[in-house]
Amino acid sequence: MPPADLLLVWYDRHRRTLPWRGEADPYRVWLSEVMLQQTTVAAVTPRYVRFLARFPDVAALAAAPWEALAEEWAGLGYYARARNLHAAARAVVAAGGFPCSAAGLAELPGIGAYTAAAVAAIAFGEPVVPVDGNVERVTARLFAEAAPLPGAKPRLAALAARFMEQPAARARPSDFAQALFDLGATLCTPRRPACALCPWSGHCAAAAQGIQESLPAKAAKKLRPVRYGVHFLLRDTAGHMLLRRRPPEGLLGGMLEVPGTPWRDAAWTLAEAMPFAPAALPWRAASGEARHGFTHFELRMRLMLAEVPRLSDRAGFEVHVAGAAVPTAMRRLLALAPACPAMREAG
DNA sequence: TACGCGTGGCG
DNA sequence: TCGCCAAGCGT
């Protein structure tokens, strides 16, 4: 078992400065952990700061309408996180505060085993080891665990949990967790790990065998199918556009989109797509195609354009200004449109 | 267990 | 250009 104190000494010298680092407020720790789920530090940092300025505490978040949260989360991806964040904030306010144990935290929506352990360790000092991708990689290498992910997850979690058997780790659960994150992020990286700088290199079975770059092993991935859609952008001379809100669950759930066809495996002919237009108008095709890669398929969208003098509200649609907060897939689609009519006249 | 669920950066 | 990857969760 690698000594916890070696890692903590390294951490005390090399810890990164991050907006949420050193924070023990459970709201802020929770928010940072949710934002960081499958999302890079670089992407999260500005969004975390902006989010806190808008929703400074759990009461503010709980009181906010969904539309405000959707706007704030637009572009960050995995929108179920935002929906669960909202529901959890309301549960926390109703309960009078955050649960202060990993077990209690794990009952909140959007908080799984990892996030529960991370918040419990960082905000409440509970002696638990949060096991994320970093910790899995570090652990797989330390013990030269050859079994591929995701099957090896339980085994790696059990190995990682044993770090907490050491008094040095139990004395500083928050720092120990974040030290593991930093080790995985800066030295024990997926490619070309910097073993020469690693405080645990002398205790690493993979380094001893020279197999660190091939661990952790991963199961083969499936290929991503292509899907197609045609969308209809209706604008007015004031620069407004007609959007609609997607159903509350599923892909891009609760987020704004440009109206259009469903996304299917075969490309659409214009005649097939036209019944999905929000109005009978002289639609013209924008040039080009927007591509966007989702986790499990690649989307190729074409854009049709039409203008009316003035957009008004109607059932099932919403009028928004140009520049409205939309998911990235929609932002790329909208980029196919030339400048709005009013801008054209002005320019 | 395996899949659905976003996005941006990097080699 | 493209596959891989990032502080996962819910079903």
Side-chain angles (χ1 to χ4, degrees), chain A residues 16 18-21 23 28-48 70 73-85 87-88 105-123 128-138 148-154 157 160 174 176-186 188-193 213 216 218-227 246-255 257 263 291-299 326-332:
Chain A
R16 295 179 291 171
L18 301 166
W20 48 87
R21 187 52 62 81
E23 194 61 67
R28 294 181 175 225
V29 175
W30 168 56
L31 176 65
S32 69
E33 290 302 334
V34 172
M35 279 194 171
L36 286 161
Q37 288 168 8
Q38 301 291 287
T39 309
T40 59
V41 165
V44 166
T45 295
R47 304 298 299 261
Y48 172 82
W73 205 272
L76 257 183
Y78 285 134
Y79 299 98
R81 293 185 295 175
R83 301 194 297 270
N84 287 328
L85 201 71
L105 288 160
E107 294 184 18
L108 291 168
I111 299 188
Y114 163 75
T115 304
V119 175
I122 297 169
V128 290
V129 180
V131 182
D132 69 336
N134 284 311
V135 180
E136 284 178 347
R137 184 171 59 256
V138 169
L149 290 169
K153 278 176 178 289
S174 171
F176 188 77
Q178 294 175 85
L180 282 173
F181 301 157
D182 278 11
L183 186 72
T186 64
C188 197
T189 50
R191 284 176 294 205
R192 306 295 301 271
E213 293 200 32
K218 299 204 172 180
K221 295 192 174 165
K222 314 176 80 171
L223 42 78
R224 261 187 345 185
V226 178
R227 291 186 190 165
R246 291 175 60 86
E249 303 294 327
L251 186 67
L252 305 179
M255 304 302 291
E257 69 170 357
W263 297 332
R291 295 190 182 193
H292 186 73
F294 290 99
T295 310
H296 52 299
F297 67 95
E298 178 187 324
L299 180 59
V326 297
T328 298
M330 290 296 128
R331 183 168 59 71
R332 293 191 176 150

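Numbers restart at 1 for each chain; the letters A, B, ... are given by sequence-line order, proteins then strands. Nothing here was measured: the structure is a model prediction, and the numbers come from that model.
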Item to check | Side-chain donor or acceptor of Arg16(A) paired with backbone N/O of Ala185(A) under 3.5 Å | outcome: no
Checklist entry - Base, sugar-phosphate, or nothing for Arg137(A), non-hydrogen atoms under 4.0 angstrom? => result sugar-phosphate
Checklist entry - Atom CG of Leu251(A) to atom P of dG10(C): distance rounded to whole Å? => result 18 Å
Item to check | Distance, P atom - from dC3(B) to dC4(C), rounded to whole angstrom | outcome: 16 Å
Checklist entry - Which part of the nucleic acid, if any, lies within contact of Ala177(A), taking any heavy atom under 4.0 Å across all strands shown: a base, the sugar-phosphate backbone alone, or nothing? => result nothing
Next on the checklist: Classify Leu180(A) by what it touches in the nucleic acid, base, sugar-phosphate, or nothing, heavy-atom distance under 4.0 Å.
Outcome noted: nothing
Next on the checklist: With no hydrogens and no angle check, just 3.5 Å: does a side-chain donor-acceptor pair link Thr115(A) and Gln37(A)?
Outcome noted: yes
Next on the checklist: Categorize Arg16(A) for me: base, sugar-phosphate, or nothing, with a 4.0 angstrom heavy-atom threshold over every strand shown.
Outcome noted: base
Next on the checklist: Any base atoms under 4.0 Å from Pro150(A), or only sugar-phosphate, or nothing? Heavy atoms, all strands.
Outcome noted: nothing
Checklist entry - How would you label the contact of Ala42(A) with the nucleic acid (heavy atoms, under 4.0 Å): base, sugar-phosphate, or nothing? => result nothing
Checklist entry - Hey, can you pull the residues of residues 29-41 of chain A with a non-hydrogen atom under 4.0 angstrom from DNA chain C? => result Glu33(A), Leu36(A), Gln37(A), Gln38(A), Thr40(A)
Next on the checklist: Of the listed nucleotides (dC5(C), dG10(C), dA7(C)), which one gets closest to any side-chain atom of Lys218(A)?
Outcome noted: dC5(C)
Checklist entry - When all nucleic acid strands are considered with a 4.0 Å heavy-atom cut-off, which category describes Leu299(A): base, sugar-phosphate, or nothing? => result nothing
Next on the checklist: At 4.0 Å (heavy atoms only), tell me whether Arg331(A) reaches a base, stays on the sugar-phosphate, or touches nothing.
Outcome noted: sugar-phosphate
Item to check | For the student: nearest non-hydrogen atoms of Arg227(A) and Trp263(A), plus distance | outcome: CD-O, 4.0 Å
Item to check | Thr115(A) vs dC9(C): side-chain N/O to OP1/OP2 distance below 4.0 Å | outcome: yes
Checklist entry - Under a criterion of less than 4.0 angstrom to any heavy atom of chain A, what are the 5'-terminal and 3'-terminal contacting nucleotides of DNA chain B? => result dC3(B) to dG8(B)
Checklist entry - Gly293(A) near the nucleic acid: base, sugar-phosphate alone, or nothing, with a heavy-atom cut-off under 4.0 Å? => result base
Protein and nucleotides 2-4 of chain C: nitrogen or oxygen contacts under 3.5 angstrom:
none

